[in-house]
Amino acid sequence: MPPPVRSSSRCSKWHKLLSGQCGPATSGGAFLNLQPRGLMQYNDLEKIRVEKVNRLRASGSNPYPTRAHVTHTAAQAIAAFEAAEAAGNGEVITVCVGGRLRSLRAMGKLIFAHIEDRSGRVQLFLRVNELGEQALQQFREDLDLGDFIEARGNMFRTRSGEVSVQVQEFALLAKAITPLPAAKDEVVDGQVVRHASLSDPETRYRQRYADLAINPEVRQIFRTRGKIIQALRQFLDERDFLEVETPILQPIYGGAAAKPFVTYHNQLKQNLYLRISFELYLKRLLVGGLERVYEIGRDFRNEGVSYKHNPEFTQLEYYMAYADYLKIMQMTEEMIAFVCQRVLGKLTFTFDGQTIDVTPPWRRVDLRQGLIEATGIDIAACPTAESLEAAMRARGMNPKPGQARGKLIDGLLGDYLEPTFIQPTFLYNYPRDISPLAKSMPDDPTTVERFEGFIGGMELCNAFTELNDPFDQEARFLEMGRAYAAEDEERHPMDEDYLQAMRYGMPPNGGFGMGVDRLTMLLTGQRTIREVLLFPHLRESSD
RNA sequence: GGGCGUGUAGCUCAAUGGUAGAGCAGUGGCCUUUUAAGCCAUUGGUUCAGGGUUCGAGCCCCUGCACGCUCACCA
C-alpha cells in the first residue's frame, strides 16, 4: 500500500477543473465540435455530453488530461483510514483516489458521489465549505455518471458511518460520452445491487466493455478465470513441466478429429490451417528430450457453436514421459482439486443446481461396463459397425446408417453416459478406432489406454497413454484416412514429419488435454461457454 | 442447417388491429451528512429492416437480419 499523501504541494501540476488553470488544450482540441461519429449520430444523451466536452475545451480545461495523480485504490484509502482510526492517534489520512463516477447525489450545497476502481468503491463527500460555490457547481455541471475522475482529500467518516473522502480538489480524467446502461446501483452490505441493468445478451457480448463496466459479477468471472490459469501453471511448474509454445498456423493439422479453419500465406503461396490441437507438436518435443511439456493456448475448430462450443477455445495440453494413463488419471484428480482449492478455497462448488465435489479419488467407469449398464449393449460382443448398429436397433435406437463402429460408440456414450456424469467421473478404455494416437492395451489390441473426465454432465478432459510406436502410428494414419475418406475435411491427414520424429525414438508417455473454458464454466457456475469468454463469437452485426 | 421464441425511449419493460406508455437515466427547479435520496416540472420513439393485408398495423401475413432456447453437428 502506498503511504498516505500528507501534502498538497506535489499537486502543483494538478489539472484543475476548479480553477480552469490546466495546461494548454491538446492538439487543437479546443476547437473540436460536435462531429458526426462515422455514419452514426449521437443520441440526445450523448449530445449533451459532447457539448460539455466542447464547453470544457473552450474554457481551457482538458477533458482527457494526460496524467492522473492517484495514490490509493478505494479499498486502500478506506483501509488506511480504518487503521488510523483503530490506532486512535488522530492521524490525518490524505489520499487521491481515481475511478469511474458511479453514483451522484447532489443535495444543494452538498454532494455525495461514489467512484469505483478495481478494488471497489469509495464515497466522495463534497461540501461548499471546503470547495466553494464555483467548484461545487462545476462538479455538478461538468461531470456525469461514467466519467473517470480523481479526487484528493482527507478520509473521514460521515454521520451515517460511511468512510469517505472529504474532497478538497478533484479533476476530470476522462469524459464518458455514452452513458453506461445501468440505471441505478445500490450498495447493500458492501454488495452492489442493480435495480435495472444491461441484460440483453447480444449487447452484453458485443459491448463487453459496457457489460464489464457495470456488472461486477462479470468482472469476477474473468478474475476467476485468470486465477484458474495461474493455478494450472503453478501445478505443472511445481512438477517440473516446461511451458512451451507451438505453431498455431500449421501446414498439416492433426491431433483431433475436427474440421479446421483454412488460411493462405500469400508469399509462400501455401494453405495453412489454424491448429485444432497441440498434440503432434508437443509430442515431437518429447523426442527432443523435453520430457515434460505443456501449453495453454487457443485451438480453432470450424464446427457448430453451442453452449459448450466456441470456434476458438482455450486448451491445456501436457505430455509426460514415462507416465501412462493411470498416472495421468491420478494427476488429473489432483490438478482439478488443486485448482479448485486455490480458486474457491474449497473442494466443492455448485453447478446447474448440483453440488459437485472434486475430492479425489474420482469415480472410475470402464467404458464397456458403463455401456452395458446404461444400454444393455456389450460393445465387445459387437466387433463390427454392422453388428453394433443391429444391437442398437434391437433396443429401439435409431442410429444414422453407415457410421463407423467408433462413431456409434461415441454416440452411445454421449447420449447415455456423459449426461449422467454429474460428479467427477473418469470413463476409461476406449475403442481403438476412435483413438488413433492412443496406445493399445497390452492384452487387447482393439481397446486403447484412454480416458475422458466428466463433470456436470460435460466432457472436461481427454487423456491417454500415447502411441509411440512409429509402425503402429503409420498404420493408424492409414486406417483413419480410409475411415474418414467420405468426410474429407475431418480425416486425419498423414503427418510424415510426425512419423519421422517418432522414428528417432519417443519415450513412452502419457498425454492430457482439457478445455479451460469448460473448467471455468464449472468453477464460476456458468451454464454457457459465452459467459466465460470475454469476446465470444457472434455473427456479424447487420447494422 | 431444422424447429420454437424474442426484437418498442440510453437501460428494464408495458401497450384488444384504433392518439406508442411507465420506472430509471437525462434536462430544469428546491434542499449542508445522503445511501435505489426525496419532491415538483419536463425532454426523449424509423416500435430490427423491407414488403403486404386493412379505412387504420407495434400487434395480422411474407421475406430478410440479429439474438435466445432446442435439435442436428461436434474427441
Side-chain angles (χ1 to χ4, degrees), chain A residues 41-49 51 103-114 121 123-131 136 141 144-146 156-162 164 166 177-189 192-206 210 214 255-259 276-277 279 299 301-311 313 315 400 406-407 409-411 413-414 418 427 430-431 433-438 448 450-452 459 461-464 487 490 492 513 515 527-528 530 536 538-543:
Chain A
Q41 297 290 320
Y42 290 107
N43 67 38
D44 289 348
L45 301 181
E46 292 169 333
K47 280 175 187 159
I48 290 165
R49 295 185 180 205
E51 279 157 15
S103 72
L104 183 57
R105 300 181 293 281
M107 308 184 53
K109 298 189 165 54
L110 263 187
I111 299 174
F112 293 93
H114 278 92
R121 293 186 177 203
Q123 179 167 266
L124 306 183
F125 175 89
L126 298 89
R127 204 164 61 149
V128 68
N129 309 40
E130 284 78 31
L131 284 160
L136 211 64
E141 288 182 358
D144 294 289
L145 293 181
F156 79 114
R157 205 178 270 279
T158 62
R159 268 179 214 167
S160 56
E162 181 163 350
S164 308
Q166 173 131 21
I177 302 303
T178 306
L180 290 173
K184 193 147 254 186
D185 289 354
E186 179 188 10
V187 179
V188 178
D189 301 329
V192 177
V193 178
R194 255 144 305 117
H195 295 275
S197 182
L198 181 65
S199 62
D200 172 45
E202 182 175 358
T203 311
R204 286 186 49 233
Y205 298 145
R206 286 198 198 281
I214 63 171
K259 295 172 191 164
I276 58 173
S277 85
E279 173 149 5
D299 271 342
R301 297 187 182 175
N302 205 340
E303 291 166 353
V305 299
S306 78
Y307 72 96
K308 51 183 178 179
H309 296 89
N310 194 65
F313 62 99
Q315 180 94 328
K400 200 165 70 182
K407 284 247 172 190
I409 293 172
D410 204 33
L413 75 88
E418 178 168 354
L427 188 65
Y430 277 64
D433 58 341
I434 52 171
S435 313
L437 301 162
V448 294
R450 170 182 173 186
F451 72 85
E452 291 186 309
E459 181 199 335
C461 60
N462 180 24
F464 29 90
E487 302 165 54
E490 240 182 74
H492 269 255
R527 274 173 37 81
T528 79
R530 290 179 164 190
L538 296 177
R539 279 175 207 275
E540 195 171 354
S541 183
S542 64
D543 58 25

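As the structure is a computational prediction, the values presented were derived from the model and not from experiment. Chain identifiers are assigned alphabetically (A, B, ...) following the order of the sequence lines, protein sequences preceding nucleic acid strands; residue numbering begins at 1 within each chain. Every heavy atom of this structure was used, including side-chain atoms; hydrogens, water molecules and symmetry mates were not.
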Rounding to a whole Å, what distance do you find between A/His309:NE2 and B/rC74:C1'?
5 Å
Counting only side-chain heavy atoms from C-beta out, which of B/rU35, B/rA75, B/rU33 sits nearest to A/Lys407?
B/rA75
With sugar-phosphate meaning primed atoms plus P, OP1 and OP2, does A/Asn462 contact a base, only sugar-phosphate, or nothing at under 4.0 Å between heavy atoms?
base
Among the nucleotides B/rU27, B/rU32, B/rC13, which one has an atom lying closest to any side-chain atom of A/Ser199?
B/rC13
Considering only B/rU35, B/rA75, B/rG26, which nucleotide approaches the side chain of A/Asp410 most closely?
B/rA75
Nearest-Å distance for atom pair CG/P, residues A/Leu198 and B/rC13
10 Å
If I pick the P atom on B/rG10 and the same atom on B/rU6, what distance separates them, to the nearest angstrom?
22 Å
Which comes earlier along RNA chain B counting from the 5' end, the contact point of A/Thr203 or that of A/Gln123, where each point is its nearest nucleotide?
A/Thr203
Pairwise C1' distance for B/rU47 and B/rA41, with rounding to whole Å
27 Å
Residues in side chain to side chain donor-acceptor pair (under 3.5 Å) contact with A/Glu452, at least two apart in sequence or another chain
A/Tyr430, A/Arg450
If you restrict it to nitrogen or oxygen atoms, what contacts under 3.5 Å exist between nucleotides 67-72 of chain B and the protein, and what is each distance?
from   : atom 1 : to       : atom 2 : distance (Å)
B/rC67 : OP1    : A/Arg539 : N      : 2.7
B/rC67 : OP2    : A/Arg539 : NE     : 3.2
B/rC67 : O4'    : A/Glu202 : OE1    : 3.0
B/rG68 : OP1    : A/Arg530 : NH1    : 2.1
B/rG68 : OP2    : A/Arg530 : NH1    : 3.0

Pair partner, B/rA9 [Watson-Crick or wobble, under 3.5 Å]
none
Nearest-angstrom distance, C1' atom, B/rU19 to B/rC4:
35 Å
Just to verify, what does A/Arg301 make a side chain to side chain donor-acceptor pair (under 3.5 Å) with, not counting sequence neighbours?
none
For B/rG45 and B/rC11, measure between their P atoms and round to the nearest Å.
14 Å
How long is the line joining CZ of A/Phe112 and P of B/rG38, in whole Å?
15 Å
For B/rU34, does the base pair up with any side-chain atom of A/Thr158 as donor and acceptor (N or O, under 3.5 Å, distance only)?
yes
Spacing of the C1' atoms in B/rA22 and B/rU43 (rounded, Å):
15 Å
Counting heavy atoms from C-beta on, name the nucleotide in B/rC11, B/rC74, B/rU33 closest to the side chain of A/Arg127.
B/rU33
Which nucleotide, B/rU35, B/rU27, B/rA37, lies nearest any side-chain atom of A/Glu162?
B/rU35
When the C1' atoms of B/rA72 and B/rG1 are compared, how many Å lie between them, rounded to an integer?
8 Å
Contacts of A/Thr203 meeting side chain to side chain donor-acceptor pair (under 3.5 Å) (sequence neighbours excluded), chain-then-number -> A/Asp200
Quick one: salt bridge (charged side-chain N to carboxylate O under 4.0 Å, His left out) partners of A/Glu162, sequence neighbours excluded?
none
Pairwise P distance for B/rG64 and B/rG2, with rounding to whole Å:
9 Å
Do A/Ile111 and A/Leu136 make a side-chain contact, defined as non-hydrogen atoms from C-beta onward lying under 4.5 Å apart?
yes
For A/Glu459, side chain to side chain donor-acceptor pair (under 3.5 Å) partners two or more places apart
none
Pairwise side-chain contact, A/Gln166 with A/Glu130, heavy-atom cut-off 4.5 Å (strictly under):
yes
Give A/Leu45 one of three labels, base, sugar-phosphate or nothing, depending on what nucleic acid heavy atoms sit under 4.0 Å from its own.
base
Along RNA chain B (nearest heavy atom to each residue), the more 5'-positioned of A/Pro179 and A/Arg450
A/Pro179
Whole Å only: how far is the CD1 atom of A/Ile48 from the C1' atom of B/rA9?
14 Å
By nearest atom, which of the nucleotides B/rU12, B/rU33, B/rG10 is closest to the A/Asn43 side chain?
B/rG10
Does a distance-only test, which skips hydrogens and angles, find a donor-acceptor pair under 3.5 Å between the side chain of A/Arg105 and the base of B/rU34?
yes
Taking the six-membered ring for Trp, are A/Phe112 and A/Phe125 ring centroids under 6.0 Å apart?
yes
C1' spacing across the pair B/rA14 / B/rA9, given as an integer number of angstrom
13 Å
